[in-house]
Amino acid sequence: MYPMSYAFGRTSDFGTTIASLFFFYTIFERCIPRRLRARVEKYTHRLLGFLSPYIQIVFHEYTGERIERSRLYSAIQSYLSSDSSKQAKRLQADMLLNSKSIVLSMDDYEEITDSYQGAQMWWVAGRTVRNDSPKNFYNWRDDGERRYYKLTFHKKHRELVTDLYLNHVLEEGKKIRIRNRQRRLHTNNRTDGASRYRVKMWSHVSFDHPATFRTMAMDPEKKKEIVDDLITFRESKDYYQEIGKAWKRGYLLYGPPGTGKSTMIAAMANLLEYDVYDLELTSVKDNTELRKLLIEVSSKSIIVIEDIDCSLDLTGQRKKKDEGSEEEGEEEKNPKIKKVRKEVNVDKESKVTLSGLLNFIDGLWSSCGGERLIVFTTNYVDRLDPALIRRGRMDKHIELSYCTFEGFKVLAKNYLRLDSHNLFETIEQLLRETQMTPADVAENLTPKTASRDVEACLENLIEALESAKEVAKLKAEEEKRKSSVKVENKQRQTSIKDEGAKEELVGQSSTQKN
Ligand SMILES: Nc1ncnc2c1ncn2[C@@H]1O[C@H](COP(=O)(O)OP(=O)(O)OP(=O)(O)O)[C@@H](O)[C@H]1O
Ligand SMILES: [Mg+2]
């Protein structure tokens with residue numbers, strides 16, 4: 001209880017007024033019964049509401065049981081963060097869950113203004129403390145504090161706010177949160193032996209790959225086409241809704257090892273700001289588990305299955321297996337198959353079938369979540385079942401191939417900061433005559449000494465290209481020799497056969513004569 005002498009003492013007029021108001025408010029709160037007080041407050045509010053041309057909306061941080069932060073509140077916090085940092089004098093710094101940067105928001109009772117389609121809005125942050133909130137399992141740490149944002153606007157803007165402005169705040173807030181979030185690279189967990197306990201289907205690390213389309217060595221037109229395609233996909237939510245298709249798109253990246261397939265996936269994720277889910281098919285027990293994995297993939301993500309031709313024997317589900325010999329042949333041609341089969345006893349452990357995978361890509365379940373890319377990579381596109389890569393499943397087929405002169409120029413810029421050099425002409429000529437992957441070109445361009453001698457790097461590359469050309473020439477000659485030996489052998493065999501047939505005929509005719 002504040003003493004009367006303090007309220008009416010020898011202070012300034014302003015101080016006296018404040019102290020008096022506080023005194024009477026204290027009396028009002030302490031001496032008047034709660035019910036009566038509530039009624040007085042109610043009618044005061046009504047009266048003020050009747051007289052005031054302004055409307056207020058309150059957005060609480062937690063609604064109902066205090067378990068999960070309200071998404072709307074978080075979106076408002078993100079939406080107001082840039083205005084807060086410019087307008088508010090007292091700020092709060094927060095590191096939101098999964099965020100990669102600090103979010104600044106206005107402190108309690110700070111006010112900031114926002115305008116939308118010419119209408120003025122006022123936002124205030126506030127806090128109430130309730131001592132009567134019941135403690136339970138979920139809120140045992142609850143200190144009774146309730147934060148909120150209060151929006152005030154003129155009543156003539158009521159429709160604008162309810163129909164458009166709030167949605168605008170929500171959408172923009174979400175966008176800012178997505179921009180600020182720490183993106184992730186997920187991989188699927190093996191679940192064998194864990195059936196009794198719920199295990200996480202995916203585990204993740206932060207995704208920090210530096211690849212971008214700017215640093216990708218490839219034909220500029222092709223690059224532009226891919227970038228446009230990706231951006232169009234990201235902006236096409238309404239279009240997919242209109243045409244009645246799930247908002248997802250399949251990409252097949254194929255080409256020899258070291259031509260940038262994995263690098264392009266990282267560049268795609270960085271361009272679209274999506275998470276990456278690297279699906280290791282050989283660790284998936286069966287089709288049911290594959291579906292469960294799919295359900296747990298969030299939107300704004302890229303699901304990747306690398307080296308699809310050797311992940312599982314998917315083609316074998318359709319063709320009748322010609323066991324043994326054919327498999328061995330495949331392993332010889334593609335060392336990755338051998339590696340995967342050695343690491344995981346594929347046929348025994350994974351029962352994922354081709355139809356299971358087809359359902360994963362475009363079955364009914366594939367539409368949950370939306371805004372997803374599915375990317376397959378392979379070194380041997382012709383080995384894949386046509387059903388797996390037909391348009392509609394893998395909508396865009398992108399071939400990544402050996403380094404062209406255009407690609408080389410990008411790498412020279414990346415690795416040596418070079419736009420032109422008198423050795424470029426020689427390199428252009430050599431790249432036309434021989435095949436070298438961008439990975440090899442990049443390696444040859446990497447400076448090997450601290451002095452970063454540009455000329456030495458280019459000469460290094462020229463040397464490598466010349467020896468690659470020589471090797472290719474020798475190989476071609478060897479191939480030619482082999483094929484001519486084959487032809488000769490065939491001819492010899494047919495002539496032996498013909499001789500034999502002739503002799504047989506002669507023998508037959510002589511026996512007939514006798
Ligand atoms: N087109 C490219 N542009 C820029 N860098 C490239 C390109 N291709 C390859 N590289 C470089 O070569 C390295 C290997 O490339 P990457 O792993 O993307 O090849 P890949 O096609 O996925 O090979 P694999 O088929 O063996 O998986 C990368 O680290 C990257 O630095
Ligand atoms: Mg790769």
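All of these numbers come straight from a predicted model, not from anything done at the bench. Order of appearance sets the numbers: ligands from 1, and atoms from 1 within every ligand.
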Original post:
Looking at Thr263, which atoms of ligand 1 are within less than 4.0 Å of one of its heavy atoms?
Top reply: 15 (O), 16 (P), 18 (O), 28 (C), 30 (C)
Original post:
Parallel, tilted or perpendicular: which describes the rings of Tyr277 and Trp202, with under 30° parallel and over 60° perpendicular?
Top reply: perpendicular
Subject >> Part of Asn379 within contact of ligand 1 (heavy atoms, under 4.0 Å) >> reply: side chain
Original post:
Is there any N or O on Gly255 that sits under 3.5 Å from an N or O of ligand 1?
Top reply: no
Original post:
Between Arg390 and Asp385, does at least one N-O distance fall below 4.0 Å, as a salt bridge requires?
Top reply: no
Original post:
Going by distance only, is there an N or O of Lys261 that falls short of 3.5 Å from an N or O of ligand 1?
Top reply: yes
Original post:
Side chain, backbone, both or neither: which part of Ala217 has a heavy atom under 4.0 Å from ligand 1?
Top reply: both
Subject >> Any Met218 heavy atom less than 4.0 Å to ligand 1 >> reply: no
Original post:
Quick one: does Ala442 get a heavy atom under 4.0 Å from ligand 1?
Top reply: no
Original post:
Would you call the rings of Tyr116 and Tyr165 parallel, tilted or perpendicular if under 30° counts as parallel and over 60° as perpendicular?
Top reply: tilted
Subject >> Any residue meeting side-chain contact (heavy atoms from CB on, under 4.5 Å) with Tyr402, in chain and number order, not counting sequence neighbours >> reply: Pro256, Gln435, Thr437
**OP:** Assess Ser262: does it contribute an N, O or S atom lying under 2.8 Å from the Mg ion (ligand 2)?
**Re:** yes
**OP:** Could I get the full list of side-chain contact (heavy atoms from CB on, under 4.5 Å) partners for Glu225, not counting sequence neighbours?
**Re:** Lys396
**OP:** Answer yes when Glu477 and Lys473 have at least one side-chain N-carboxylate O distance shorter than 4.0 Å, and no when they do not.
**Re:** no
**OP:** Identify whether the distance between the nearest side-chain nitrogen and carboxylate oxygen of Lys223 and Asp219 falls below 4.0 Å.
**Re:** no
**OP:** Say whether Leu411, considering both its backbone and side-chain N or O atoms, lies within less than 3.5 Å of an N or O atom on ligand 1.
**Re:** no
